[in-house]
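Each remark here refers to the structure printed beneath this line.
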Amino acid sequence: MSPVVVVIVGGVATSLLMVVLIGLLARSQYRREHGIADVPSAKDCSVLVARARALDETAAQKLDAAHRAANTHEQLARDLAAAEAEREAAWLSHSEAVRASQEAQQTEPEPSAENAISGVDQKDISAAARAAYRRGEISVEELRAVWQRVGNWDDSLDDRAHLLSRLRADEAEAWRRYHAAAFAERTAQRAVELAEAAARALTDDAAEAARQAEIARLTAEDCIARAKRRR
């Protein structure tokens, strides 16, 4: 037998011995606290048996509550994993929408100059309007109005303008979905934390109830055995 196994076996034996000693001390203390004689009567034993049954039922109820709490925690943990995946997917969609919008703006064709009014001022105005539009400071309609005034607007640019508007709307919607998914993830995380704390508390409570029930059972059995010896 290896030293590790010896240590484990010795530790288990020691733990079992401690449980037995604690049980004996608990029964002795219980008898003293409840005024049960060393040679109990049948009435004393019936009281102990009834108490043991009641504590056993209570322990079973608390154990069931602990199991339900553990199942709830597991379900909420799965919900959290799904929320995390949803948030990651929403962020990816938003990143793709931003990239598509930026690429479309960078590849926007130059407006036709067939009907352009000559002059440096008109060119400067057209360039400034384009820059403001790209920064989102003016709308498509405002850009169209400026270019129509300086003669740089080409009806063929309408499709491009509508595309940019749609891409910007897609970007805004993707950002909204990401924020919603992030909020759902935070809510799920908080729910998991609360469920974990509740499950831990109920498990501890169930363990204590089981210990009390076991002590009561041993005490009742001890009472019955001593009562039989009395007869």
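Separating the CZ atom in Arg226 from the CG atom in Asp44 is a distance of 8.5 Å, to the nearest 0.5 Å. Atom CG of Leu194 and atom OG1 of Thr72 lie 12.5 Å apart (nearest 0.5 Å). To the nearest 0.5 Å, atom CG of residue Asp222 and atom CD1 of residue Ile215 are 13.0 Å apart.
Here the closest non-hydrogen pair linking Ala59 and Ala213 is CB-CB, 4.2 Å. When all heavy atoms of Ala65 and Leu202 are compared, the pair lying nearest together is O-CD1, 3.8 Å. Taking both residues in full, the closest heavy atoms of Leu55 and Ala216 are given as CD1-CB, 3.5 Å, listed atom of the first, atom of the second, then distance. For the pair Ser101 and Arg168, the tightest heavy-atom approach, listed with the atom from each and the gap, is OG-CG, 3.9 Å. Residues Ala209 and Lys62 approach most closely at CB-CD, 3.7 Å, considering heavy atoms.
For the residue pair Gln212/Glu208, the side-chain donor-acceptor check at 3.5 Å is satisfied. For the residue pair Gln189 and Glu193, a side-chain donor N or O sits within less than 3.5 Å of a side-chain acceptor on the partner. With 3.5 Å as the limit, one finds a donor-acceptor pair spanning the side chains of Gln75 and Arg78.
By the 4.5 Å side-chain criterion applied to Ile, Leu, Val, Met, Phe, Trp and Tyr, Leu80 is assigned to a cluster that also includes Leu76, Val192.
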Could you go through residues 89-98 and list every donor-acceptor pair under 3.5 Å that involves a side-chain atom there, pairing it with any protein atom two or more places apart or in another chain?
unit_1	atom_1	unit_2	atom_2	d
Ser93	OG	Ala89	O	3.1
Ser95	OG	Trp91	O	3.0

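Salt-bridge formation is detected for the pair Arg166/Asp170: a Lys NZ or Arg NE/NH1/NH2 atom is positioned less than 4.0 Å from an Asp or Glu carboxylate oxygen. Between Arg87 and Glu84 there is no salt bridge, since no side-chain nitrogen of the basic residue lies less than 4.0 Å from a carboxylate oxygen of the acidic one. A salt bridge links Glu221 with Arg217: the distance from a Lys NZ or Arg NE/NH1/NH2 to an Asp or Glu carboxylate oxygen falls below 4.0 Å.
Residues Glu74 and Asn71 meet the side-chain proximity criterion, which asks for heavy atoms closer than 4.5 Å. No side-chain heavy atom of Trp175 sits under 4.5 Å from any side-chain heavy atom of Glu171.
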